[in-house]
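Reminder, nothing fancy here: chain letters follow the sequence lines and each chain counts from 1.
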There are 2 protein chains.
Amino acid sequence: MKKYVHIFNDMKNKIIDGTYVSNQKLPSEKQLSEHYQVSKMTMKQALDNLVDDGLIIKKRGSGTFVKDLSADELVRMSLTNQFRGKTAEYPQEKVTSKILAFSVINPSPLIQQKLNISAEDFVYFLHRVRKINDQPFVIEETHMPVSLIRDLKRSHVEQSIYEYIETELQYKIQSVHRKITVRQSTAAEVSELDMTEGDPVGIVEQVGYLSNGAAFEYSISTHRYDRFKSEMILKRESV
Amino acid sequence: MKKYVHIFNDMKNKIIDGTYVSNQKLPSEKQLSEHYQVSKMTMKQALDNLVDDGLIIKKRGSGTFVKDLSADELVRMSLTNQFRGKTAEYPQEKVTSKILAFSVINPSPLIQQKLNISAEDFVYFLHRVRKINDQPFVIEETHMPVSLIRDLKRSHVEQSIYEYIETELQYKIQSVHRKITVRQSTAAEVSELDMTEGDPVGIVEQVGYLSNGAAFEYSISTHRYDRFKSEMILKRESV
DNA sequence: AAGTGGTCTAGACCACATT
DNA sequence: ATGTGGTCTAGACCACTTC
């Protein structure tokens with residue numbers, strides 16, 4: 001186990017279980033590095049990761065302090081994970097998909113631009129409605145280059161595509177560039193998502209990147225408003 | 001100027017202006033550190049910041065590569081800034097506020113919890129409609145501890161509160177924990193935001209933290225859907 | 001003046017990918 | 001076997017805050 005990860009986990013636990021409380025001043029980097037028997041740089045890396053996770057703040061010249069987090073923020077922190085595919089977010093629920101379209105096509109100019117490919121390349125076009133315990137909650141339109149995501153089959157898209165990519169293809173997903181907007185639902189969406197006319201929807205447009213740097217996914221998903229939520233931590237300029 | 005910031009800016013510019021192109025393999029950390037005349041650790045810090053900004057990706061054992069960004073992503077990157085108050089986002093537009101309420105009260109249990117204060121503390125309660133060029137686009141309900149944000153006056157809340165906090169009070173805003181949801185507008189919102197009945201709204205609920213670690217703001221803002229957009233980069237586990 | 005976190009170094013060793 | 005990025009060190013010096 002990497003030392004800075006071990007220290008990170010240890011200190012995160014101490015914040016969550018109350019060993020360190022809100023606004024408490026922590027021992028100095030020097031003291032902590034002696035306590036954990038690591039160099040100052042390693043200690044700093046552990047602490048910087050805690051800052052990134054929103055658990056502590058550092059004040060140059062003054063010290064390191066536990067953030068003034070409310071109780072429910074702490075609970076959220078203790079189970080926080082960055083993005084996951086829908087299947088992973090609801091592990092004990094039954095997530096299924098209704099496939100509206102699944103084909104291989106040439107990309108439109110928009111898709112070419114988003115995925116940085118040419119008109120001669122092929123992409124999967126996937127249109128599906130995802131359901132939790134048979135309740136529809138999101139309509140997805142996804143485009144993925146065939147050259148990257150080989151041998152995608154109907155059985156995969158009925159389950160989790162992210163799972164297929166990460167487990168079977170052994171690719172790593174590195175990051176997602178995401179945009180969220182809001183609008184009224186269309187009649188087709190009302191019908192597919194089993195909503196009432198006039199209900200709003202949350203729109204997530206995103207480009208996904210693999211750890212090899214390639215854009216592997218451009219998708220637009222339309223969420224039932226009552227199942228939609230997006231949480232994030234924004235920081236003021238780290239650089 | 002810090003060396004790693006200088007290198008970060010230099011390389012970012014080279015990606016934006018096309019000196020380095022999509023998917024190109026960059027020189028190794030060793031070569032780059034020789035070129036910039038810095039140690040490997042400093043070079044690594046510059047590169048890690050570029051990774052955080054979503055411009056490059058690193059592959060252990062293989063090299064560092066420019067991300068496969070589309071043209072419009074690159075444009076976005078070249079002017080990207082993390083969060084700003086609304087006034088800062090629209091510098092050439094006229095941003096004004098209609099104050100619906102501005103008072104000092106004792107916090108409700110919810111506010112106590114979010115701001116980590118007690119029932120005896122006082123908070124400002126601010127309810128305002130913000131407008132761009134006289135067009136309303138968001139209703140904000142904000143609570144801020146009086147003990148932190150001293151001497152807040154009506155003239156400040158008519159302008160930008162973030163500006164007051166950062167310029168006059170000389171506080172630094174460190175981070176914001178934000179949640180986005182969607183719902184239908186109420187009749188009151190339709191009226192205040194000059195919308196049509198049945199229009200949806202985007203809801204942003206957030207807690208803001210100063211660089212001294214204190215929670216200084218709990219706010220719920222209700223956005224006209226056609227003026228609302230939220231962009232972000234999500235990364236898979238840095239730690 | 002003393003203590004804090006921030007930057008930077010020169011080098012060691014490790015884990016992983018490619019050849 | 002070679003080259004890549006990742007971790008870690010021991011220590012120097014700097015910038016800032018507090019006393």
Does B/Y36 have B/K3 sitting over its ring (NZ/CZ under 6.0 Å from centre, angle to axis within 45°)?
no
Atom NZ of B/K30 with >12 non-hydrogen neighbours under 6.0 angstrom
no
Grab the NZ-P distance between A/K58 and D/dT17 for me, whole Å please.
15 Å
Salt-bridge criterion met for B/E29 and B/K58 (N-O under 4.0 Å)
yes
B/Y162-B/E217 side chain donor-acceptor pair, cut-off 3.5 Å
yes
Over how many whole Å does the gap from B/L47 atom CG to D/dT4 atom P extend?
13 Å
Would B/K67 pass as a cation-pi partner of A/Y209, given that its NZ or CZ must be under 6.0 Å from the six-membered ring centre and within 45 degrees of the axis?
yes
Its 5'-most and 3'-most nucleotides having an atom under 4.0 Å from a non-hydrogen atom of chain B, DNA chain C is contacted over C/dT7 to C/dA17
Could you tell me whether A/K229 and B/E205 have a side-chain N and a carboxylate O separated by less than 4.0 Å?
no
Would you kindly give the CE-to-P distance between B/M41 and D/dG5, to the nearest whole Å?
14 Å
When we call it a touch if two heavy atoms are under 4.0 Å apart, what does A/K3 touch: a base, just sugar-phosphate, or nothing?
sugar-phosphate
How many whole angstroms separate atom CD1 of B/I57 from atom C1' of D/dT4?
13 Å
Contacts of A/V38 and A/K59 projected onto DNA chain D by closest heavy atom; the upstream (5') one is A/V38
So A/K44, base contact, sugar-phosphate only, or nothing? Heavy-atom distance under 4.0 Å.
base
